[in-house]
Amino acid sequence: MAKPAARQDWHGLAEALREARLAEAAHLEAALDLRDSKTLRLQILKDALLPAVQSTPEARDLFDLALLPGDPPRLWLDLTAYVVMEPDHRTYRVLQDRQDSRDILFEGAGAEQAAAAIRRHMAHRLVARERRGALSGPVPQLGYSSATLILAWVSGVAFGPLALVAAALYMGLLKY
């Protein structure tokens with residue numbers, strides 16, 4: 001009679017295992033849906049900010065709107081500032097990492113409010129960059145003119161073989 005009880009225990013465990021697996025699958029599906037909803041909201045915010053970044057070359061140089069999936073997904077504004085959907089999936093939180101801390105620049109539920117706060121942050125960063133540029137003076141342009149490059153090439157063609165002949169004479173490989 002021990003066999004029917006063992007069989008009944010196994011069926012009870014099998015049923016509990018099935019229910020646990022279904023609950024786990026529902027939990028994972030809900031977690032994926034939540035992450036997808038956060039990513040979608042961040043993508044909408046990115047689309048709202050893109051015209052502001054593309055409006056000037058200075059903004060294009062300084063800001064790179066990069067949406068990175070993960071847990072949590074993040075919309076990076078530049079090297080130190082990013083947006084996450086925290087503490088819930090409807091709240092935009094704009095964070096900036098500093099050397100010794102992490103500052104919350106904005107926290108709110110509206111995408112338009114978040115976009116306005118981010119545009120203000122971008123404007124302040126651009127003004128600070130202009131101020132640093134004004135203090136350090138004009139940035140020298142790197143590069144060479146075509147005439148300089150042609151002169152360097154001609155000099156190399158003319159003096160290269162002459163230098164090789166002089167080196168061979170000095171080492172005694174050629175006799176004159």
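The first residue of the sequence shown is numbered 1, and numbering continues consecutively from there.
Closest heavy-atom contact between Ala48 and Arg119: O-NH1, 4.0 Å. Looking at every heavy atom in both residues, Pro72 comes nearest to Val84 through CG-CG1, 4.2 Å. The shortest heavy-atom contact between Val83 and Tyr92 is CG1-CD2, 4.2 Å. The two atoms that bring Ala114 and Phe106 nearest to each other are CA-CE2, 3.4 Å, heavy atoms only. The nearest pair of heavy atoms linking His121 to Leu105 is ND1-CD1, 3.6 Å. Of all heavy-atom pairs between His89 and Met85, the closest is O-CE, 3.4 Å.
The line from CE of Met122 to CZ of Arg129 is 13.0 Å long, rounded to the nearest 0.5 Å. In this structure, CG in Asp78 is found 13.0 Å from CG in Asp61, a value given to the nearest 0.5 Å. To the nearest 0.5 Å, the span separating CG on Leu95 from CH2 on Trp76 amounts to 9.0 Å. We find the CG-NZ distance between Leu42 and Lys38 to be 9.0 Å, quoted to the nearest 0.5 Å.
Taking a cutoff of 4.0 Å between a charged side-chain nitrogen and a carboxylate oxygen, Glu86 and Arg93 do not qualify as a salt bridge.
The local environment of CG in Leu79 is sparse, with at most 12 non-hydrogen atoms from other residues, nucleotides or ligands closer than 6.0 Å.
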**Report entry** Full working for side chain to side chain contact (heavy atoms under 4.5 Å, CB included) between Ile118 and Leu45
**Finding:** CA-CA 10 Å; Ile118 292 168; Leu45 180 63; 3.8 Å; yes

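One side chain, Asp88 or Thr91, offers a donor N or O that lies under 3.5 Å from an acceptor on the other.
No donor-acceptor pair under 3.5 Å is formed between the side chain of Thr148 and the backbone N or O of Tyr144. Remark: side-chain polar atoms of Arg60 are paired, donor with acceptor, to backbone N or O of Gln54 under 3.5 angstrom.
Looking at Thr39 and Ser37, their side chains never come closer than 4.5 Å, going by heavy atoms from C-beta outward. Residues Leu49 and Leu77 meet the side-chain proximity criterion, which asks for heavy atoms closer than 4.5 Å. Side-chain atoms of Thr80 and Arg125, non-hydrogen and from C-beta on, do get closer than 4.5 Å to each other.
A continuous path of ILVMFWY side-chain contacts below 4.5 Å connects Val157 to Ile150, so both sit in one hydrophobic cluster. Taking hydrophobic clusters as Ile, Leu, Val, Met, Phe, Trp and Tyr residues chained together by side-chain heavy-atom distances below 4.5 Å, Leu126 shares a cluster with Leu50. When the side chains of ILVMFWY residues are joined at heavy-atom separations under 4.5 Å, either directly or via intervening members, Tyr170 and Leu173 end up in a single hydrophobic cluster.
In this view, Arg41 satisfies the side-chain hydrogen bond (donor to acceptor under 3.5 Å, both in side chains) rule with no residue, not counting sequence neighbours. With sequence neighbours excluded, no residue forms a side-chain contact (heavy atoms from CB on, under 4.5 Å) with Pro51.
Applying side-chain contact (heavy atoms from CB on, under 4.5 Å) to Tyr82 and the options Leu75, Asp97, Val94 leaves one that passes, Asp97.
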